[in-house]
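A quick write-up on the structure given underneath.
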Amino acid sequence: MLLTATARSVSLGFGLCALFLCACGDDDAPPVDRCAAVSCDSGYTCGASDGLCAPVAVCDPAATPWDGVRPVFRDATATSGLVEAGALGQRINAIDFNGDGFVDLAIRAVGTGHDDFVMGTRVTWLLRNRGDGTFEDVTESSGIRTPRLPQAPGVGRPGEVWAFGDVDEDGDLDVYQGLTRTDPVAVLGETSELLLNDGTGHFVLGPEGSALRLTGADTPAGASFIDADRDGHLDLWVAENGGDVPGAQSRLYRGDGTGSFTDITDASGLTTQRWSAISALDNGLAHARSWSAAACDLNGDGTTELLAASYGRAPNLLFQGARGADGALSFTNRSVVSGYAFDADQAWSDNQFARCYCAANRTADGCADVPAPALTCPTPPSWTHDQDRNPFRLGGNSGTTVCADIDNDGDTDLLTTEIQHWWAGEGADRAEWLINTGEPDVRFERPGRASQGWDVPHTGGGGWDEGIMTAAVLDFDGDGWRDFYLGGSDYAGNHGMLYHQSTPGQFESVPIELGIDHHRSHGVVVADFDRDGDLDVIVGHSRARCDATGPDDCYATTQVRYFENISPRQNFVQLALVGATGTNHGAIGARVSVTAGGTTQTFEVGGGYGHYGAQNDLIVHAGLGASCEASVTVRWPDAALTSETFTVPVGHRYRVVQGAQPVGDDVPTSPAP
């Protein structure tokens, strides 16, 4: 039923022939013969009116959320193929690079090293999902490390920051590979690159004259594909980790749909300043010292916001996007006023190095009553009194920002990760949720861990360090309320931590013996890798600062590990979105609302985020608890923000092509005739 020029309502009460799921017969045959020749696959029935196999609810109306007792994950690394592939690393993307419907993996080790396939020295693994949740190494044959310059035989081009998106609109995922070029010789003279997928899962180098190929200083630390101006072509946001060195400016590149990009940073209002004035730093106007990128629509107006999370107690940056009636794109810096740059706690006198300084300088401003330090002070004290009491030095060491509607109120909240040390005091920001107030001008509140019922255990002895750099949001038990995982790394006592949303807005820690037992967890992605209807987790490992005398020491290698979801099955729907003309093919930036059982979940299809490049599957996965039907609204990221609403029975994956009826797209449970 047509509702408006840009809103369509579709119900799956009609019969649908699921691709590869039933033999529908000759399209010219009478409808009665289409299902009569063969039976429909499990979860499908023969439509009474059109004779096509149509999805029916595969539903447990008695499904219950996790009870706090039953195991929810098991370590399936040994049978996953990851060990045989030798997959070692921390930077992970979960993407379907060959378009077969199964989520693959792109893994990189920390640093700007390169692969030598002849010598067997590896820093990269592109792993194809065989279709059963196990993986095989196809890195070299895929061409994804093809060098631009002549190199020795078998030598692959370096590049540490990866983001995948269909930039040339041909139906497959291409890849941006960002490369730090502070030492051009060490990176073999190569640059950041775009590689184009030829449709078979093989990659070739993109345009040689691309603006992405910075030949000077380039320090990318995160990248997100978006369609910022909603012209149907993917653009690219690259957060740079430069601080005050050349190449420090984070950049927005406009794509033209062919694989070519133009730098529109200055023209769209994203220019930041050098680190020359404390006032500029305090107000979030200076270059980011980025450790990750993120891009999501935070105020619901259809235009993405751009974020750069910063290391080194530098402010996080947030640029609010706007699209004019003429399609013109502009951004306003709302880093500080939004509450994203740093938290409101500006305490400094409990910083141990500030106490060292004050102990030696009691007449200095504010030092008279500062307590004595609880550590042996370095000489000279590691504290600059006039500078380090300013807001820009009292923020955090931010690793990753994850966009997700954690409270199911229809707007997107932010989960931030931070490195925090006991000696830094309460002024240093910590990993926490920033809750969106829903205002047109983006603003967040920080309720704090305690008010949400969760915290991070400190098991490192008298001193402690929270090395939380990576994170993921997922509904692991399918109850319709998302949970989250924090990757604690790099310091003694740090561990992966899984938190369950037990009641709306309240979280409980999942014991490691029931959830994910993983030391020094660095790098995490989530997807339904085995396509059994729940979300699995893959994590990397760091061997930085190993300490055999401390708790949770490093493992022998940085082997990537696979944790299979074994929680009690709840009902779900999965949605694979395909944009039509005017919308980017992968529908990156689409906003999807799924309503069931009185709860509405809101998702946004993302094009990469996180610490030096992370990415979750483009498939929208919604856990639905005990509900057997879901109402879905898709707001497409085109110029008109076209909206479509339909109802689907649960228990299936659907292929949703803009402007067409959703089609069941499950894995066959029996061979097609």
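For Asp170, the salt bridge (Lys or Arg N to Asp or Glu O under 4.0 Å) test picks out no residue, with sequence neighbours left out. Take Asp263 and apply the salt bridge (Lys or Arg N to Asp or Glu O under 4.0 Å) test, not counting sequence neighbours, and it matches Arg251. The side chain to side chain donor-acceptor pair (under 3.5 Å) check on Ser330 picks up nothing, with sequence neighbours excluded. The side chain to side chain donor-acceptor pair (under 3.5 Å) test applied to Gln501 returns no partner, not counting sequence neighbours. For Thr633, the side chain to side chain donor-acceptor pair (under 3.5 Å) test picks out Thr645, with sequence neighbours left out. Scanning for salt bridge (Lys or Arg N to Asp or Glu O under 4.0 Å) contacts around Glu604 gives an empty result, with sequence neighbours left out. Listed by chain and number, the residues in a side chain to side chain donor-acceptor pair (under 3.5 Å) with Arg323 amount to none (sequence neighbours excluded). For the ring pair (Phe, Tyr, Trp, His ring centres under 6.0 Å) test, residues two or more places apart in sequence or in another chain that qualify with Trp348 are His385. For the salt bridge (Lys or Arg N to Asp or Glu O under 4.0 Å) test, residues two or more places apart in sequence or in another chain that qualify with Asp490 are Arg545.
Within the structure, ring-ring contact (aromatic ring centres under 6.0 Å, His included) contacts touching residues 310-347 (residues at least two apart or in different chains) are Trp291-Tyr311. Every pair passing side chain to side chain donor-acceptor pair (under 3.5 Å) that includes a residue from residues 573-587 is listed here, sequence neighbours excluded: Asp528-Gln574, Gln574-His621, Gln574-Arg653, Thr583-Gln658. Pairs engaging residues 393-403 under the salt bridge (Lys or Arg N to Asp or Glu O under 4.0 Å) rule: Asp388-Arg393 [sequence neighbours left out].
In this structure, Gln615 contributes its side chain and Phe164 its backbone to a donor-acceptor pair below 3.5 Å. Between the side chain of Ser260 and the backbone N or O of Asp256, no donor-acceptor pair lies under 3.5 Å. For the pair Asn390 (side chain) and Gln387 (backbone), a donor-acceptor distance under 3.5 Å is present. For Glu466 (side chain) and Arg430 (main-chain N/O), no donor-acceptor pair under 3.5 Å exists by modelled atom type.
Ionic pairing of Arg91 and Glu160 is present here: one or more N-O contacts between side-chain nitrogen and carboxylate oxygen are shorter than 4.0 angstrom. In summary, Arg591 and Asp405 do not engage in a salt bridge, as defined by a charged side-chain N under 4.0 Å from a carboxylate O.
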For the pair His287 and Thr272, evaluate side-chain hydrogen bond (donor to acceptor under 3.5 Å, both in side chains) and give the outcome as yes or no after the intermediate values. CA-CA 5 Å; His287 300 325; Thr272 48; 2.7 Å; yes
Criterion salt bridge (charged side-chain N to carboxylate O under 4.0 Å, His left out) on Glu193 and Arg213, from CA distance to verdict: CA-CA 6 Å; Glu193 290 281 3; Arg213 300 189 62 243; 2.8 Å; yes
Verify salt bridge (charged side-chain N to carboxylate O under 4.0 Å, His left out) between Arg449 and Asp455, making sure each step is shown before the conclusion. CA-CA 6 Å; Arg449 298 174 183 173; Asp455 209 339; 2.9 Å; yes
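By the 4.5 Å heavy-atom criterion applied to side chains, Asp475 and Trp481 are not counted as neighbours. Annotation: side chain of Val592 is in contact with side chain of Val594 (closest heavy-atom distance under 4.5 Å). Using a 4.5 Å cut-off on side-chain heavy atoms (C-beta onward), Val473 and Asp483 make no contact. The shortest side-chain heavy-atom distance between Val634 and Trp636 falls under the 4.5 Å cut-off.
For the ring pair (Phe, Tyr, Trp, His ring centres under 6.0 Å) with Tyr499, the lone residue among Trp454, Phe476, Trp433 that qualifies is Trp454.
Minimum heavy-atom separation, Gly178 to Ser192: CA-OG, 3.4 Å.
Side-chain contact check for Asn93 and Arg108: at least one donor-acceptor pair (N or O, by modelled atom type) lies under 3.5 Å.
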